[in-house]
Number of protein chains: 2
Amino acid sequence: MVESPQRAGADLDSVFKALADPTRRAIVASLAGAEASLTTVAGPFEMTLPAVAKHVGVLERAGLVAHVRVGREKRLRLVARPLGEAERWLESYRSFWDDRLASLDTFLARDQRT
Amino acid sequence: MVESPQRAGADLDSVFKALADPTRRAIVASLAGAEASLTTVAGPFEMTLPAVAKHVGVLERAGLVAHVRVGREKRLRLVARPLGEAERWLESYRSFWDDRLASLDTFLARDQRT
DNA sequence: CGGAGATTCAACCATTTGGTTTAGTATAGG
DNA sequence: CCTATACTAAACCAAATGGTTGAATCTCCG
């Protein structure tokens, strides 16, 4: 079994929703570099710590971030798998775009009134 | 210029948000097969037509769906590019998951409370 | 013309989201 | 023990979401 040790689900809904916010994507980006505590992650953002904590909560519930307690720190780490799942969903449409990309302009030119 | 003929933006925010709903992903899936009118697309769903129309609106504003008027029909078509953009964002983390996936269990085992 | 089909508009509603503030708990360390 | 640090909890708020209903609007066609 290659499934996640914690939760199997972490469905596309919550993953895409989690990624649909620039702050959260920035958190993901910063955690891709290295593990970091909550306050460290919160550093660059112009919002209060509880707000960032909520964003992290969203990422955690989507399975994109995991944490361990290190003393009083909450050490955050990016979890790869859900990103891979989202990517696979998108990828299943690759044949579509590869095929249709060329014909898009034709389609749009056919009749253009929004 | 390879940019979209209509809107250049269609940012990740709106694309991910649009995909964060199962109804909308189903609409995307059904349009991947073929163009279809609003009512046709709405067929399988247990919700009113205006509700589906709103979902389509979200997809259109995200640049994922385009349409042409054909008589009284609104003929919908999937637009590939934004999917590709989202996919590229995710892909930029591929090296991360490839690298770190192996060490995840180790990380989680280190201290597991919550 | 007149009706039926396809879509749109507008008002309304409950819930979720993204943020705040203020206060609380827990741990590190002099 | 005391204090500063790190986080969590709770109450609150405005705005966005996802749905409904009911009434337009527009177009095809007999």
Side-chain angles (χ1 to χ4, degrees), chain A residues 10-28 30-31 34-77 110-114, chain B residues 10-28 30-31 34-77 110-114:
Chain A
D11 58 315
L12 284 177
D13 263 41
S14 54
V15 172
F16 280 131
K17 197 171 298 180
L19 296 177
D21 180 287
T23 301
R24 286 190 297 258
R25 283 199 307 280
I27 292 173
V28 166
S30 91
L31 288 178
E35 299 179 18
S37 70
L38 226 200
T39 37
T40 303
V41 160
F45 300 105
E46 287 183 336
M47 75 184 69
T48 60
L49 189 59
V52 176
K54 281 191 186 181
H55 280 301
V56 169
V58 172
L59 290 167
E60 288 191 317
R61 263 172 272 119
L64 283 163
V65 164
H67 74 271
V68 288
R69 280 259 161 234
V70 178
R72 50 187 165 177
E73 276 188 17
K74 182 186 200 179
R75 185 143 304 179
L76 303 171
R77 174 163 186 158
R110 213 199 299 171
D111 180 343
Q112 188 106 286
R113 73 173 96 252
T114 299
Chain B
D11 57 315
L12 285 177
D13 263 41
S14 54
V15 172
F16 279 131
K17 198 172 299 180
L19 296 178
D21 180 286
T23 301
R24 286 190 298 259
R25 283 198 307 281
I27 292 173
V28 165
S30 91
L31 288 178
E35 300 179 16
S37 71
L38 224 200
T39 36
T40 304
V41 160
F45 300 105
E46 287 182 336
M47 77 183 68
T48 60
L49 190 57
V52 175
K54 281 191 187 181
H55 281 300
V56 169
V58 171
L59 290 167
E60 288 191 317
R61 263 171 272 118
L64 284 163
V65 164
H67 74 270
V68 288
R69 278 261 161 233
V70 178
R72 49 188 166 178
E73 275 188 18
K74 181 185 199 178
R75 186 142 304 178
L76 303 170
R77 175 163 185 158
R110 213 198 302 171
D111 180 342
Q112 190 106 287
R113 80 172 93 251
T114 302

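Computed from a prediction, not measured in an experiment: that's the story for all the values here. Each chain gets a letter, A, B and so on, in the order its sequence line appears, and its residues count up from 1.
B:Ile27 places its CD1 atom 11 Å from the P atom of D:dG18, with the value rounded to the nearest Å. Rounded to whole angstrom, the span from the NZ atom of A:Lys74 across to the C1' atom of D:dA9 amounts to 13 Å. If you take CD of B:Glu46 and C1' of D:dG19, they are 14 Å apart, rounded to a whole angstrom. Between the CE atom of A:Met47 and the C1' atom of D:dC13 there is a distance of 17 Å, given to the nearest Å. In this entry the distance linking CG of B:Leu38 with P of D:dT25 reads 19 Å, nearest Å. Rounded to whole Å, the distance from NE2 on A:His67 to P on D:dA6 is 17 Å.
Atom NE2 of A:His67 sits about 5.0 Å away from atom NZ of A:Lys74, to the nearest 0.5 Å. Between B:Ile27 atom CD1 and B:His55 atom NE2 the span is 6.5 Å, to the nearest 0.5 Å.
Here the closest heavy-atom approach between residue B:Lys54 and residue B:Arg61 is recorded as O-NH2, 4.4 Å. Considering every non-hydrogen atom in both A:Ala62 and A:Ser14, the closest pair reads CB-O, 3.5 Å. Of all non-hydrogen atoms in B:Thr40 and B:Ser37, the two that sit nearest each other are OG1-OG, 2.8 Å.
For the OP1/OP2 pair of D:dA6 and a distance below 4.0 Å, the side-chain nitrogens and oxygens of A:Arg69 include no atom meeting the criterion. Within the 4.0 Å cut-off from OP1 or OP2 of D:dT5, not a single side-chain nitrogen or oxygen of A:Thr39 is found.
Residue-to-nucleotide proximity on DNA chain D shows that, of B:Thr48 and B:Arg72, the 5′-proximal contact is made by B:Thr48. Closest-nucleotide positions on DNA chain C for B:Ser37 and A:Thr23 were compared, and the one nearer the 5' end corresponds to B:Ser37. For the pair A:Leu49 and A:Lys17, both in contact range of DNA chain D, the more 5′-proximal nearest nucleotide belongs to A:Leu49.
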Go through B:Val28 and B:Arg24 one step at a time and tell me if the side-chain contact (heavy atoms from CB on, under 4.5 Å) criterion holds. CA-CA 6 Å; B:Val28 165; B:Arg24 286 190 298 259; 5.7 Å; no

Report the C-alpha distance between A:Leu76 and A:Glu60 in whole Å, list the side-chain angles of each, state the deciding distance to 0.1 Å, and finish with yes or no for side-chain contact (heavy atoms from CB on, under 4.5 Å). CA-CA 9 Å; A:Leu76 303 171; A:Glu60 288 191 317; 4.1 Å; yes

Between B:Asp13 and A:Arg25, is a side-chain contact (heavy atoms from CB on, under 4.5 Å) present by the stated rule, with each step listed? CA-CA 9 Å; B:Asp13 263 41; A:Arg25 283 199 307 280; 2.8 Å; yes

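Interface limits on DNA chain C: the 5'-most and 3'-most nucleotides within less than 4.0 Å of chain A heavy atoms are C:dT17 to C:dA28.
For the pair B:Leu64 and B:Leu31, the minimum side-chain heavy-atom distance is 4.5 Å or more.
Of the residues in residues 51-59 of chain A, those placing a heavy atom less than 4.0 Å from an atom of DNA chain C are A:Ala51, A:Lys54, A:His55, in numerical order.
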